[in-house]
Undergrad: 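Quick one: the structure is below, questions incoming.
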4 protein chains.
Amino acid sequence: MPEARRGRARSESARRAILEATRDELAQHGYDKLSIDRVAAAAGAGKQTVYRWYPSKSALVAECILDGYVALGNIPIPDTGNIRRDLRDWLRAFADHAGRPEAASLIRAATAAAADNDDVAARFYERVTAASEGALTARLRTAEHAGQLRTGAPATAVAQALVGAVLYRLLVHQPLTHDFVDDLADVVLSGVERAPAAAPPP
Amino acid sequence: MPEARRGRARSESARRAILEATRDELAQHGYDKLSIDRVAAAAGAGKQTVYRWYPSKSALVAECILDGYVALGNIPIPDTGNIRRDLRDWLRAFADHAGRPEAASLIRAATAAAADNDDVAARFYERVTAASEGALTARLRTAEHAGQLRTGAPATAVAQALVGAVLYRLLVHQPLTHDFVDDLADVVLSGVERAPAAAPPP
Amino acid sequence: MPEARRGRARSESARRAILEATRDELAQHGYDKLSIDRVAAAAGAGKQTVYRWYPSKSALVAECILDGYVALGNIPIPDTGNIRRDLRDWLRAFADHAGRPEAASLIRAATAAAADNDDVAARFYERVTAASEGALTARLRTAEHAGQLRTGAPATAVAQALVGAVLYRLLVHQPLTHDFVDDLADVVLSGVERAPAAAPPP
Amino acid sequence: MPEARRGRARSESARRAILEATRDELAQHGYDKLSIDRVAAAAGAGKQTVYRWYPSKSALVAECILDGYVALGNIPIPDTGNIRRDLRDWLRAFADHAGRPEAASLIRAATAAAADNDDVAARFYERVTAASEGALTARLRTAEHAGQLRTGAPATAVAQALVGAVLYRLLVHQPLTHDFVDDLADVVLSGVERAPAAAPPP
DNA sequence: AGGTAATCGAGACGGTACGTCCAGTCTTTGT
DNA sequence: ACAAAGACTGGACGTACCGTCTCGATTACCT
């Protein structure tokens, strides 16, 4: 028995409708033109219901964006044994996902929300980088064990360079082409320095 | 002939006062709590004067941040002949500059402004990356000619990886330590891959 | 059943506070220097609440003045059987009431409001003349039946001449003395013409 | 010699253009929606020129309305020897003049201006009633001497009752018909009381 | 004729108020 | 007891004018 309850049950469907309305509003108007009144109306809910679930506009946006409606961290990193190809494919998938116009709008909205609310920033970090970083770290570790990477590679720096570069491109409206992410992958794998002890010809 | 002007000349000093008040408001309240009323009052200007110069909050913030009040792109890249040391020093200076609390607030505000206004985004790109990217490209070219880099290194990807990573750290409130930027420099210079044909000692 | 209503009931106390604040503002600043912001602040209400009740400054002023705060039409006409004395006493009471400085300010404000808003003008008429005119017509009818008046006296013209003269004096800041209203009463009762068939001396 | 003056002469044509523009604005927008900016633009004058001639909106409106653009006081009272017919004809002319739509708008505007500015009220009185009152008093005096009126008729009360009633009708948008002004004339001439000592038929 | 000074149209300035919109809270009625 | 509806206070928005000030360009008088 799921727990005795009095009165009318809190409607999970209302919560979902609110999140979907928020997502649509964000995509259409952006973060700071978003209006709770409009969200509530579009969701067929009362304003109080919105505030019952989420204490503020920032919190609503955070929940909307980060809990599943912008799934940046959910793209799995393949593991075929070839770290170079796996990394390239993952970055391409990441770019393809984030580069779709609707997703780009939402991500820009999320960036704005993160920029002026510390809680949102924290959750943004958790959902976006922490996930990617964890998966990437694991994948790098595997490659390292397979002898494909030098030891002691700074996984955090790699992950944040990749994620940061992609988000930056989105923010400034530069296209997320495969060429660009291929270059990115190349840079973090090979570096730009001439191999310090390249095989000396006899 | 430079064009006959009618009516009272527009007051450059009012414009400056407005930008300075905006800078202070941004640092104190952040982007979306910024109030044009407060800015005008603090600048000793009428609201109409603010709107005469800048048609919207975004444009005001853009002008404020990008025209000299947050000089991200103005840090010169040293050239001692040692690309590794130069890059590290530049990144440390960049991080030190951007990591100061006032600067961090302004940069987050600029990010929010860029996220919800395309013009601001374009100007943000010009002022932040285009400058850094140009300088970085030039420095990499020098190093390449000096035989320190492999040929064909993708300067754009390098620049955006570095700038993107730093801005991302700021956005999610992670500290911009020297350790972190040193790791970044290390990654883009050396890559993380095991040197493909490292000279095997006999 | 009086009609099902959803949502919070509109606050009658807010409405009263707004009207009282308006009355004070009018007396202090006059009609066209009246500020809705000040009214709202003085009433402890949001501006929106003011606009919810009254769509414009004119409407607000009209309601304030005409619904009970300036009760020009509420002075009863006595009926002692002597029309001349009754009319004189009523006009004196009317003049005394309207001539008090606070009342005079409010009436001038109402005049200004009526002058630039047709709705207000209509309500002004209803509240001021229609009431007076009705009462006056009834009283004249009584006197006519008592044989004190000639038949077919134009009650509307009488009422508007009296009210018009009093308001005009107020408008141009001439004092509403008993002498003046006594003259008025005398004029409308006796006329100024020599009695056409005055008792011919033998 | 009228006073030596240096510099450019003040442009009388600008002054006229300003008054005409004011008249048009008043007729179109009424007193308190009148805008000095619009007046200046319509007159092809600078705002400063308006303020050089008239120190305030009230003064401008007063000058405009009262110095010739609303000529209520200029209608002469005929003198055919028949006071009843003369008064009726004058009132009809007065009503016809004031009842035209453009004139009615201006008079309402003048009323509003008088209602919130004491100077305007004073000048309004001078131009409207003082003139009418003077002429009317003179005409009544003539009739009195001709034996048509009883002695000691209060001319001021008569004049203000007539003017007040007409202005009141205008203010509340009731039509100024000949029937109405005929009733007015009848009331002030004959009164409404039964002739006190009507010649009793033997 | 040439300086000097006041006025002209134009329009930006510091302000005040407007009427609208929204955030977040509170209250009423319906389910 | 929760949900919708919607009024509440408070405050920012962007616009419109106010009355003043500052431009460059005209006039007119006065040396």
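Below, read A as the first sequence line, B as the second, and so on, with proteins coming before strands; counting in each chain starts at 1.
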Undergrad: Between NZ of D:Lys47 and CG of D:Asp37, what distance do you get to the nearest 0.5 Å?
TA: 4.0 Å

Undergrad: Using whole Å, report how far CG of D:Asp32 lies from P of E:dT16.
TA: 20 Å

Undergrad: From E:dG14, F:dA3, F:dT9, pick the nucleotide closest to the side chain of B:Ala45?
TA: E:dG14

Undergrad: When only distance counts, do a donor and an acceptor, one from the side chain of C:Arg8 and one from the base of E:dT27, lie under 3.5 Å apart?
TA: no

Undergrad: Tell me the interatomic distance from D:Arg10, atom CZ, to E:dG9, atom C1', rounded to whole angstroms.
TA: 16 Å

Undergrad: Please determine if C:Arg23 and C:Glu102 form a salt bridge, counting it only when a charged side-chain N lies under 4.0 Å from a carboxylate O.
TA: no

Undergrad: If I take atom CZ in residue B:Arg16 and atom C1' in nucleotide E:dA12, what distance separates them, rounded to the nearest angstrom?
TA: 16 Å

Undergrad: Kindly list each side-chain donor-acceptor pair under 3.5 angstrom involving residues 26-34 of chain A, sequence neighbours excluded, with atom names and distances?
TA:
residue	atom	partner	partner atom	Å
A:Tyr31	OH	A:Ser58	OG	3.3

Undergrad: Can you tell me if B:Ser11 touches the phosphate of E:dA12, counting only side-chain N or O atoms and a distance under 4.0 Å to OP1 or OP2?
TA: no

Undergrad: Return the value, rounded to whole Å, for the distance between atom CH2 of D:Trp53 and atom P of E:dA6.
TA: 16 Å

Undergrad: From the list E:dG14, F:dT9, E:dA12, which nucleotide is the closest neighbour of the side chain of B:Arg52?
TA: E:dA12

Undergrad: Is D:Arg108 salt-bridged to C:Asp116, going by a charged N under 4.0 Å from an acidic O?
TA: no

Undergrad: Return the set of residues passing salt bridge (Lys or Arg N to Asp or Glu O under 4.0 Å) with D:Glu126 (not counting sequence neighbours), or none when no residue passes.
TA: none

Undergrad: Enumerate the protein-to-nucleotides 20-24 of chain E contacts in which both atoms are nitrogen or oxygen and the separation is below 3.5 Å.
TA:
residue	atom	partner	partner atom	Å
E:dC21	N4	C:Gln48	NE2	2.9
E:dC22	OP1	A:Arg38	NH1	3.3
E:dA23	OP1	A:Leu34	O	3.1
E:dA23	OP1	A:Ile36	N	3.2
E:dA23	OP2	A:Ile36	N	2.8
E:dA23	OP2	A:Asp37	OD2	3.4
E:dG24	OP2	A:Tyr51	OH	3.2
E:dG24	OP2	A:Lys57	N	3.4
E:dG24	N7	A:Lys47	NZ	3.1
E:dG24	O6	A:Lys47	NZ	2.8

Undergrad: Write down the distance between CG (B:Leu60) and P (F:dA12), rounded to a whole number of angstrom.
TA: 16 Å

Undergrad: Round to the nearest Å and state the distance from B:Arg6 atom CZ to E:dC13 atom P.
TA: 18 Å

Undergrad: Verify, without hydrogens or angle tests, whether C:Thr49 (side chain) and C:Ala45 (backbone) share a donor-acceptor contact under 3.5 angstrom.
TA: no

